[in-house]
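All figures in this text were calculated on a predicted structure; none of them were measured in a lab. In the text below, chain A, chain B and the rest are named by the order of the sequence lines, each starting its count at 1.
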2 protein chains.
Amino acid sequence: MDRKKSAQFDKKTEILAVSVPMFAAYGYNKVTIRDIGAAAGMTSAALYYHFQDKQTLYREALKFSFQSKAEITHAILSSQGTPEERLAAFIERYTQLLADDPDFRRVMQRELLDGDEESVGMLSELFQQPFDELAAIVEVLAPATDIHMVIMSIIAMILYHYEVGPLRRLLPGAKPEHEDYRTLATHIKRLIFSMLEKEVPADLPPTTVPTALG
Amino acid sequence: MDRKKSAQFDKKTEILAVSVPMFAAYGYNKVTIRDIGAAAGMTSAALYYHFQDKQTLYREALKFSFQSKAEITHAILSSQGTPEERLAAFIERYTQLLADDPDFRRVMQRELLDGDEESVGMLSELFQQPFDELAAIVEVLAPATDIHMVIMSIIAMILYHYEVGPLRRLLPGAKPEHEDYRTLATHIKRLIFSMLEKEVPADLPPTTVPTALG
DNA sequence: GTCTATAGCCGGATAGAC
DNA sequence: GTCTATCCGGCTATAGAC
């Protein structure tokens with residue numbers, strides 16, 4: 001490791017990395033700067049050397065968390081194959097990605113509830129490109145439909161399934177396999193492909209899902 | 001109006017009624033008991049005559065808000081007609097109900113994020129019956145499918161559309177008509193009925209949507 | 001770059017008068 | 001039932017030593 005500042009491991013980045021799961025779990029208000037300091041191995045006063053104030057720290061944590069997700073989403077959408085296969089791959093892999101990352105889901109949920117214009121604007125910029133890539137795939141498969149709404153429906157079924165989990169488990173017909181992301185993915189693929197009047201493509205070969213940058 | 005205590009207008013109920021929109025808009029932490037007192041026309045100290053503490057007030061507000069919604073949901077599902085018509089009616093009317101009631105959506109969203117076991121348990125009890133009624137309808141239409149998942153998908157597409165609104169509006173392909181609940185309802189009906197391999201029933205006669213109890 | 005100490009504020013809850 | 005006054009605790013942020 002050389003002397004030059006390493007974006008991966010400098011103190012500031014480390015603080016962001018430990019604070020993301022805390023904000024995800026408890027929300028902005030309940031996480032105190034003392035908590036963050038303790039988790040990063042310092043006192044709250046030291047945080048003010050790195051960040052102007054709590055709001056700034058939070059916004060940088062948000063960006064830190066979402067930037068990588070947008071890049072992973074782009075990577076998922078860059079897979080090879082027919083449009084059918086690529087759409088199926090997106091549903092399968094994105095479902096898995098979110099199953100593996102409760103923090104990401106929860107931060108997103110909190111932003112949709114209480115995010116200010118600036119934060120939400122930042123998110124929209126990050127997801128502009130992946131959204132367009134997905135739109136290009138859907139357009140080939142269903143030129144006559146409202147592509148925007150089809151995409152939102154897919155995302156809704158994935159994300160809301162996780163959001164509603166705590167309540168869903170207590171409702172009639174809940175089964176253990178509903179916790180498995182593959183059950184969810186299969187269900188969504190069936191629904192979407194039947195609307196597109198296409199066959200659901202065969203399951204993916206066990207390609208590695210990108211789970212981190214680089 | 002007689003002397004007996006009227007459940008509709010006693011002071012306690014009035015406090016709950018004014019606090020629900022506040023909790024919905026800003027969340028538990030950001031709403032102070034001083035705020036609630038002011039909105040109800042009294043000081044915070046007076047609230048402690050009616051409620052043990054802030055948590056208790058919140059929980060009662062939650063129940064107050066959700067009980068009526070569960071009853072309305074039941075009313076929507078009690079409509080006449082073929083199973084196809086009843087499912088279509090549910091999608092149409094529930095979409096409208098949620099369009100008209102941002103408080104309900106937001107309180108639900110907050111509970112799914114941060115609700116404790118007790119609150120979520122209460123919600124699940126309230127929605128048990130409407131869920132079963134919906135399941136009975138779907139079962140007739142699609143005996144071979146995972147009914148639980150089909151219902152969750154419908155609810156996901158309705159609720160997530162509203163949740164994601166602030167972000168969705170900034171994404172490619174967003175159009176003004178996506179704000180109209182009827183656009184959403186039509187889209188969901190098309191998707192669900194194509195999966196069921198049924199025709200979408202004709203639009204409802206302009207029946208009044210129940211919007212309050214009684 | 002991190003610490004200790006503390007200023008300054010605000011929120012929940014209670015005491016006691018009316 | 002509602003008020004005024006107040007206590008207590010926790011939080012953000014800063015000052016200043018090291």
Measure all distances between protein nitrogen or oxygen atoms and nitrogen or oxygen atoms of nucleotides 1-4 of chain D, and list the pairs falling under 3.5 Å.
from  : atom 1 : to      : atom 2 : distance (Å)
D/dG1 : OP2    : B/Tyr49 : OH     : 2.9
D/dT2 : OP2    : B/His50 : NE2    : 2.8
D/dC3 : OP2    : B/Thr43 : N      : 2.5
D/dC3 : OP2    : B/Thr43 : OG1    : 2.9

To the nearest angstrom, how far is A/Tyr48 atom OH from D/dA13 atom C1'? 5 Å

Under 3.5 Å between N/O atoms: give me all the protein pairs with nucleotides 9-11 of chain C, atom names plus distance.
none

For A/His74, does its backbone N or O pair with a side-chain atom of A/Ser78 as donor and acceptor, under 3.5 Å? yes

Just how far, in rounded Å, is C1' of D/dC11 from CD1 of A/Ile36? 12 Å

A/Lys63 with A/Glu60: basic N within carboxylate O range, under 4.0 Å: no

Table please: side-chain donor-acceptor pairs of residues 158-168 of chain A below 3.5 Å, with sequence neighbours left out.
from     : atom 1 : to       : atom 2 : distance (Å)
A/His161 : NE2    : A/His178 : O      : 3.4
A/Tyr162 : OH     : A/Thr95  : O      : 2.7
A/Arg168 : NH2    : A/Glu179 : OE2    : 3.0

Could you verify whether a donor N or O on one side chain and an acceptor N or O on the other, from B/Thr183 and B/Asp180, lie under 3.5 Å apart? no

Does the B/Arg106 side chain pair with the main chain of B/Pro21, one donor and one acceptor, at a distance under 3.5 Å? no

Evaluate the ring planes of A/Phe127 and A/Phe66, with Trp represented by its six-membered ring, and classify them as parallel (under 30°), tilted (30 to 60°) or perpendicular (over 60°). perpendicular

Rounded distance (Å) that lies between atom P of D/dA13 and atom CZ of A/Phe51: 13 Å

Looking at A/Leu98, is its backbone amide N or carbonyl O close enough to the side chain of A/Arg105 to form a donor-acceptor pair, meaning the two atoms are under 3.5 Å apart? yes

Would you call the rings of A/Phe23 and A/Tyr28 parallel, tilted or perpendicular, where under 30° means parallel and over 60° means perpendicular? parallel

